[in-house]
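Input: a single structure, listed below in structure tokens.
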Amino acid sequence: MLAFIVQRALQAILVMAVMSVIVFVGVYAVGNPVDIVIPPDATIAMREEVIRRLGLDLPLWKQYGIFAWNLLHGDFGRSFVYNMPVLELIGGRLPATLELVLISILFATVVGVSLGIYAGVKPDSLLSKLIMGLSILGFSVPSFWVGLILILTFAVSLGILPAGGRGETVTVFGVPWSFLTLNGLSHIVLPALNLALFKLAMMIRLARAGTREAMLSDTVKFARAAGLSEATILRRHVLKLISIPIITVFGLELGSTLAFAVVTETIFSWPGVGKLIIDSITVLDRPVMVAYLVLTAFLFVMINFTVDLVFAAIDPRIRSGRQSA
Amino acid sequence: MTGPAPTTPAPGKATPPIVLFWREFRRNRFATVALAVTLLLAFVALFAPFIAPQDPYNLQTLSLMDARRPPGHVGSGGYVHILGTDAQGRDLLSAILYGLRISIQISLAAGFIALTIGATVGVLAAYVGGWIESVIMRIVDLQLSFPAILLALVLSALLGQGKAQLVTALVAAQYAYFARTAYGAATAERRKDYVEAALATPLSARRVIFRHLLPNCAPPLIVVATVQIASSISLEATLSFLGLGLPVTEPSLGMLISNGFAYMMSGRYWISVYPGLMLILLIMAINIVGDQIRDQLNPRLRR
């Protein structure tokens, strides 16, 4: 087991090193950041001074060396646009994104699993067919368009929910949160619903497939024979049987929901990390782009690493590196 | 796995598998309608210049007098704008038809290139084996653990706007799905007797791969291809919506929706809503056709 952990950890470090090179070189290839840092009427001397200060006159490998060295010391550089440390900038935006992602994924799981279990228990009822139709729609419709329709319906036509922004926030331990005020909560409803829709469709399908299988299992047959009520069987046995794949997907989807938040945050002008990266791309704020990408890569490498370890702990075949056919 | 449909020995001449496949497909009305819709949309997109009432890229035919008119408005061109006009005074129906054309073009190009690269990589990994196999599949698996949208987002941001750049970004985001599928199918086929037999003959490796191994990996690849084309249409629209996909001069459906977004707040819903409905119709139709093909090719669902 230890050899396996060491091997996977080395692999993760290698992947991170490769990713940082790819990201750095890739972002380096885009545009000239000098133009956005200095005013257009700057003298040539000022221009040269800025180029030297940003280290842009050095060869690429040296720039990467400095970047990697700083990175290992937790220094992601300063944003060209906001002129503040990138880590501080991203850290300041992170609560908004986390709050949005967590609320929507929780919503998707709770509602999706309930609907999925219902559809699995009564596969032929009209409501179940409606639920499954909804899940097909959730898979097919691009999420940004759903966002627009939500705004059009609830903000423009009905005028009952705000179309963008975070609303009032409450500061807890120096971090502002929206979900603690009524006004903030009303701001979070639409973006969270928008972000949740795809996951909701997936949770419904997972829960339905799992439930249909579980209902045929011996566990359920014996529980019925023992005279337990259907509700108790569902709560105590079926839910337990279907929870393993759901928890796995929940963990894996956490990362991809963060990625999808980019779209949702742009539509609802939600001041999170996703909106920050899109804004940074449009103004070529290189340090922010690089930092976001490296941090995201790190997040995914960590998620995969954890998943690998958890699976290895459960399944000894994976540990020995032999995949059974 | 070997044939698209189980052939019952027919008296007289044998029916080609494709005909049998079509007969079974036709039995699902829902899927048949979806196929008809897909073909109709492809046809309309192909002949958009002949069908559309207006050339939305010809600035001389546009008049700002007609801008942002609701559906049913009779413009200065003397004809009814069935779906209204956009901010530049473009007839929205024409813009949607041209947008559909671009969306289908991009996603088909991306789909076929990704299929070619992915299938080659996957089959090669399964055929060659050894350390090449582990390196290739490690990279593919690693990429699959990243959400495709993030990869496409970053790449199109790095590459800039344009059709070629967008296709590159989509291919890079999607080839891994084909590679994984081709690899899975090819490793299963690789162990079968007919491949061993073909290898025992003095046939070249290339011939064995392309004539024997690859055709038998086709069914799952076809299924993945339909899913991936639908998802690349959606991905392209999303990127264009975020302003990362195509330049403003070539508005795809995503860009039309994005342009209309600003006017939605003032109640001019049609600029965003109609291109969106077209997008959904296209994606859903392709997905339903893909579902049916998957069910038909899945040996486990056969009685």
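Every chain is numbered from 1, with letters handed out A, B, ... down the list of sequences. Bear in mind the structure is a predicted one, so any value in this text is a computation, not a measurement.
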Under the side chain to side chain contact (heavy atoms under 4.5 Å, CB included) test, residues paired with B/Ala225 that sit two or more places apart: B/Phe178
Contact part of A/Val15 toward chain B, heavy-atom cut-off under 4.5 Å: side chain, backbone, both or neither? side chain
Working to the nearest 0.5 Å, report the span between CG of B/Leu253 and CG of B/Leu279. 5.5 Å
Ranking B/Leu277, B/Ile286, B/Leu155 by heavy-atom pairs under 4.5 Å to chain A gives rank one to B/Leu277
Would you check if B/Tyr183 and B/Val140 make a side-chain contact, meaning some heavy-atom pair closer than 4.5 Å? no
Residue by residue, scan residues 234-242 of chain B and write down, ordered by number, those that have a heavy-atom distance under 4.5 Å to chain A; if none do, write 'none'. B/Ser234, B/Ala237, B/Thr238, B/Phe241, B/Leu242
Just give me the residue among B/Gly276, B/Ser231, B/Gly254, B/Ala230 that pairs up with chain A most often, heavy atom to heavy atom, under 4.5 Å. B/Gly276
Looking only at side-chain N and O atoms, does B/Gln165 offer a donor or acceptor that is under 3.5 Å from a partner on B/Ser156? no
Would you say that B/Asn216 contacts B/Tyr194 through its side chain, given a criterion of any heavy-atom pair below 4.5 Å between the two side chains? yes
Name the member of A/Val301, A/Ile267, A/Ile303 that forms the most heavy-atom pairs with chain B at distances under 4.5 Å. A/Ile267
When the 4.5 angstrom heavy-atom criterion is applied to A/Leu258 and chain B, the contacting part is neither
Heavy-atom pair count under 4.5 Å with chain A, highest-scoring of B/Asp291, B/Asn287, B/Ile257: B/Ile257
Measure up the A/Phe198 and A/Phe260 rings against each other and bin them: parallel (under 30°), tilted (30 to 60°), perpendicular (over 60°). parallel
Toward chain B, the part of A/Ile277 with a non-hydrogen atom under 4.5 Å: neither
Could you give the distance from CG (B/Leu166) to CD1 (B/Ile106), rounded to the nearest 0.5 Å? 5.0 Å
Are any of the side-chain heavy atoms of B/Ser252 and B/Ser103 separated by less than 4.5 Å? yes
Is the closest side-chain heavy-atom distance between A/Pro142 and B/Ile280 below 4.5 Å? yes
To the nearest 0.5 angstrom, please state how far the CD1 atom of A/Ile278 sits from the CE atom of A/Met289. 10.0 Å
Chain B heavy atoms under 4.5 Å from A/Leu293: which part of the residue, side chain, backbone, both or neither? side chain
